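Numbers here are sequence positions counted from 1. Atoms within each ligand, like the ligands themselves, are counted from 1 in listed order. Scope of the values below: all heavy atoms of this structure, side chains included, with no hydrogens, waters or symmetry mates. This one's a predicted model, so the numbers in the text were calculated from it and none came from an experiment.
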Amino acid sequence: MQLKLLDERLRGTKFVSLACRSILNSPQQTGMDFWSLNPYVGCEFGCSYCYARYAHRYVVERARDAGKLSDAEFRDFRGPGGWEAFERRIFVKQQVLSALDSDLRRFFRSAGAPGRPSAPIVIGTATDPYQPAERRFRITRAILERLACYEGLSVGIITKSPLVARDVDVLRRLAQRNAVEVYVSLITVDAALLRTVEARSPVPAARLRALARLSAAGVNSGLIIAPVLPGITDDVPHLEALFRAARDSGARFVCAGPLRLYAAVRDRFLPVIRQHFPALVERYTRAYAGHASAPPAYATALARRIERLRAKYGLPLHRMEDRYRPREPAQQELLP
Ligand code: SF4
């Protein structure tokens, strides 16, 4: 294997280096109206609805084509079902700071005027920047520290991990001369229910404590409820519990969006529905037949429900659905 093994866990997870010349993806590369950055390819949290799995596959295929993986290693890095390796073979991007400096020159050039960037930079659009690997490799922290040397940026961070609170010092420093938004992601406060769809993600209480810590430190933070799972987490009691928890944790905003069921997600997610929610199989199959988006009538009804809760709990509904809407990442988004 020409990819360097950086670390290995007892349960078999391997962390390998991925040299990178570029780390910021432009809106032109992704088709989105913001720049994106993902320090890791793959994620140990292993959410069954995760839409970044196929991009991991693409990186593995490129490594094989470049002669960096033997056939046996390629099979290992794919996994028997094609989706497991995303959770157990994590690529850690290297040389990220020199790549970032060079990409930021491109970023500022595209902004038109120095110091006046036109689009936000969002960290964690495809994989979680505070997944367990970050505890050891600290790539996200290094990136934030480098971004804090600049001014006039608008930086968003999306994560399910309480590890984000470790970086409260650098987030505060970053926010002195830049706009910062931290989105703590949580789909339900019910820990047992959460475990049926998210294999190894942090428990709700830990995420909410992190949100409270960030809020108390003055970091502009809120809750992102996505994906809302039809028939599972979309009822008023579930959503209301999340809004209550957000308010109690000092969240400054809440945003939410329904599940998008991309083709690459179905192989992993639908068996989970079949196993834990068999009565919903028919509903999901029908609702998402031939497209990834939730049916428009469902999305509208959900938006109304969210809006009522927003008003009740006095939390502004952040327009993240428009700006950083959950979607299938472009293949380039995870490439080095
Ligand atoms: S935390 Fe995010 S990147 Fe990681 S598996 Fe879950 S959805 Fe995917």
Q: Please examine the side chains of Pro120 and Val155, heavy atoms only from C-beta on, and report whether any two atoms are closer than 4.5 Å.
A: no
Q: Rounded to the nearest 0.5 Å, how far does CD1 of Ile121 lie from CD1 of Ile143?
A: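 Rounded to the nearest 0.5 Å, the CD1-CD1 separation comes out at 10.5 Å.
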Q: In terms of atom number and element, which parts of ligand 1 are under 4.0 angstrom from non-hydrogen atoms of Cys43?
A: 1 (S), 3 (S), 4 (Fe), 5 (S)
Q: We want to know whether Ser161 and Asp128 form a side-chain donor-acceptor pair, criterion being a heavy-atom distance below 3.5 angstrom.
A: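 Side chains of Ser161 and Asp128: no pair found under 3.5 Å.
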Q: Counting only heavy atoms, tell me which of Glu87, Glu198, Lys160 gets closest to atom 2 (Fe) of ligand 1.
A: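 When every heavy atom of Glu87, Glu198, Lys160 is considered, Lys160 comes closest to atom 2 (Fe) of ligand 1.
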Q: Look at Cys50 and state whether any of its N, O or S atoms is less than 2.8 Å from atom 8 (Fe) of ligand 1.
A: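 Of the N, O and S atoms in Cys50, at least one lies under 2.8 Å from atom 8 (Fe) of ligand 1, which means yes.
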Q: Please verify whether a non-hydrogen atom of Ala52 lies at under 4.0 Å from ligand 1.
A: no
Q: Taking both backbone and side chain into account, is any N, O or S atom of Cys47 nearer than 2.8 Å to atom 4 (Fe) of ligand 1?
A: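 No, Cys47 does not qualify, because none of its backbone or side-chain N, O or S atoms lies under 2.8 Å.
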Q: Are side-chain heavy atoms of Glu181 and Ser221 found at a separation under 4.5 Å?
A: no
Q: Quick check for you: to the nearest 0.5 Å, what is the distance between Cys255 atom SG and Ile225 atom CD1?
A: 8.0 Å
Q: Going by the atom numbers of ligand 1, which of them fall below 4.0 Å from some non-hydrogen atom of Thr127?
A: 3 (S)
Q: With atoms numbered from 1 as shown, which atoms in ligand 1 lie under 4.0 angstrom from a non-hydrogen atom of Asp128?
A: 1 (S), 3 (S)
Q: One residue to check: Ser201. Relative to ligand 1, which of side chain, backbone, both or neither has a non-hydrogen atom less than 4.0 Å away?
A: neither
Q: Compute the centroid of each ring, for Tyr40 and then for Phe91, and state whether the two points are separated by less than 6.0 Å.
A: no
Q: Taking the six-membered ring of Phe74 (Phe, Tyr or Trp), confirm whether the NZ or CZ of Arg64 is under 6.0 Å from its centre and within 45° of its axis.
A: yes
Q: Which atoms of ligand 1 are found less than 4.0 Å from any heavy atom of Ala126?
A: 3 (S)
